[in-house]
Amino acid sequence: MRCAALLATTFLVALASACGGAAPPNASSPAPSGAAASSSVSVPPAIKAVVDASDRSDDDRALDAGRKPGEMLAFFGVQPGMKVAELAAGTGYTSELLARAVGGTGVVYAQNSKWILERFAEKPWSDRMQKGVMKNVVRVDRDFEAPLPPEAKGLDVVFDVLFYHDTFWLKVDRAKMNKAVFDALKPGGVYAIIDHSGRPGTGSSEVQTLHRIEESVVKDEIVAAGFRLAGEGAFLRNPSDARDWNDSPKQAADRRGTSDRFVYKFVKP
Ligand SMILES: C[S@@+](CC[C@H](N)C(=O)[O-])C[C@H]1O[C@@H](n2cnc3c(N)ncnc32)[C@H](O)[C@@H]1O
């Protein structure tokens, strides 16, 4: 019997190898070098349906390949009925995905500062807010130092997607901002940060020139605000990015969506 099982396993391994497939994982094999535990995120059908919704705009869909929204929503555990927020919602690509994922029983507080609204977001953001799918989104026009309204309490997740670096050159008091996020989250709630990675040693020196930040700077600030780093996603990593070019939407051109990005899941203890 044991011999038959061994033969069957040997056959399967040989077959996989002959077909160009990987051999089945084996507890004794080391992980490939550089592979993080969470490098692949499985996207459940309900989240796949959110991303595939036929009434999402063509402009939003065009960003999906570079943003991996299914992996993002799955990695941060967004579920129907959740109360979530997004800082720096911009023109609302992420906020609309959150609105769909939390559904009619959930709520999304979507914050923009005056600077964002005046600079580029007002028209596309207010147009997007007219869509029926945005009815569970609360528009929040507030500064970053007090980004959420008093009723936004006991939140499940607060997102900051591709904007944390901008708070440096905009001279936001981030200790205040991070405390406000901490206070708005429930215990066990998640502070979700995605940003463009800067080269080692650059710190925050390229936040305005290249729109990148060395990830240890972000990690240290958020841990100092009382959060625990609970996980890191590798689904937006691009090891071949030299990280020496400006990845802001207007400058990136056809490289948009290819920057090496870090994904941090911080938890309020
Ligand atoms: C890519 S947006 C992300 C907004 C939102 N959090 C999201 O996930 O959709 C963040 C960065 O892009 C810049 N940005 C976004 N849209 C822009 C536009 N239309 N013109 C200029 N800058 C823009 C912002 O200043 C910021 O550096």
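Whatever order the structure lists them in is the order used to number ligands and atoms, beginning at 1. Only heavy atoms go into these numbers, but all of them, side chains included; no hydrogens, no water, no symmetry mates.
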**Q** So, Glu71 and Arg237, do they make that salt bridge, N to O below 4.0 Å?
**A**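 A salt bridge is absent here (no side-chain N lies under 4.0 Å from a carboxylate O).
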
**Q** Please work out whether any backbone atom (N, CA, C, O) or any side-chain heavy atom from C-beta onward of Arg67 is under 4.0 Å from ligand 1, and answer side chain, backbone, both or neither.
**A**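 Arg67 to ligand 1: side-chain contact only, backbone stays beyond 4.0 Å.
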
**Q** Which option out of Glu96, His165, Glu86 puts a heavy atom nearest to atom 6 (N) of ligand 1?
**A**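 Residue with the shortest heavy-atom distance to the ligand atom: Glu86.
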
**Q** If you have a sec, work out which protein heavy atom is nearest atom 7 (C) of ligand 1 and how many Å separate them, to one decimal?
**A**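 I find the closest protein heavy atom is Thr94 OG1, 3.4 Å.
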
**Q** Have a look at ligand 1 and work out which part of Ala89, if any, has a heavy atom under 4.0 Å from it: side chain, backbone, both or neither.
**A**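 Backbone only.
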
**Q** Just how far is it from atom CD of Glu122 to atom OG1 of Thr91, taken to the nearest 0.5 Å?
**A**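 Those atoms lie 12.0 Å apart.
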
**Q** Short check: is a protein heavy atom less than 4.0 Å from atom 2 (S) of ligand 1?
**A**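 No.
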
**Q** NE2 of His196 to CH2 of Trp245: how many Å apart, nearest 0.5 Å?
**A**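 Between His196 NE2 and Trp245 CH2, I get 8.0 Å after rounding to 0.5 Å.
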
**Q** State the atoms of ligand 1, each with its element, that fall below the 4.0 Å cut-off from a heavy-atom position in Tyr93.
**A**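 This gives 9 (O) as the contact atoms.
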
**Q** For atom 11 (C) of ligand 1, what is the nearest protein heavy atom, given as residue, atom name and distance?
**A**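 Its nearest protein heavy-atom neighbour is Leu162 O, 3.6 Å.
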
**Q** Has Thr91 got any heavy atom lying under 4.0 angstrom from an atom of ligand 1?
**A**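 No, Thr91 has no heavy atoms under 4.0 Å from ligand 1.
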
**Q** Got a second to check how far Arg67's CZ is from Arg261's CZ, nearest 0.5 Å?
**A**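 CZ of Arg261 is found 7.5 Å from CZ of Arg67.
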
**Q** Are Lys114 and Asp143 close enough for a salt bridge, meaning some N to O gap below 4.0 Å?
**A**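 No, no charged N to carboxylate O under 4.0 Å.
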
**Q** Could you see which bit of Ala88 sits under 4.0 Å from ligand 1, with heavy atoms only: side chain, backbone, both or neither?
**A**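 The answer is the backbone of Ala88.
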
**Q** Would you call the rings of His165 and Phe163 parallel, tilted or perpendicular, taking 30° and 60° as the class edges?
**A**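 Geometry flag for Phe163 against His165: tilted rings.
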
**Q** Report the part of Asp166 (side chain from C-beta onward, or backbone N, CA, C, O) that has a heavy atom under 4.0 Å from ligand 1; answer both or neither where that applies.
**A**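 Just the side chain.
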
**Q** Tell me, which protein residue and heavy-atom name are nearest atom 24 (C) of ligand 1, and how many Å apart are they?
**A**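 Nearest neighbour among protein heavy atoms for atom 24 (C) of ligand 1, to 0.1 Å: Phe120 CZ, 3.6 Å.
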
**Q** Looking only at heavy atoms of Arg119, does any of them come nearer than 4.0 Å to an atom of ligand 1?
**A**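 In this structure, Arg119 fails to qualify as a contact of ligand 1 - no heavy atom is under 4.0 Å.
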
**Q** Measure the distance from atom 20 (N) of ligand 1 to every protein heavy atom, then report the residue, atom name and distance (to 0.1 Å) of the closest one.
**A**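 Checked against all protein heavy atoms, atom 20 (N) of ligand 1 sits closest to Lys250 NZ, 3.5 Å.
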
**Q** Under 6.0 Å between ring centres, would you say that holds for Tyr191 and Tyr164?
**A**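 Tyr191 vs Tyr164: aromatic centres not under 6.0 Å.
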
**Q** Roughly how far, to the nearest 0.5 Å, is the CD atom of Gln251 from the OG1 atom of Thr209?
**A**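 One gets 11.0 Å once the value is rounded to the nearest 0.5 Å.
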
**Q** Run the salt-bridge test on Asp241 and Arg212 with the 4.0 Å N-O cut-off and return the result as yes or no.
**A**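 Arg212 and Asp241: salt-bridged.
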
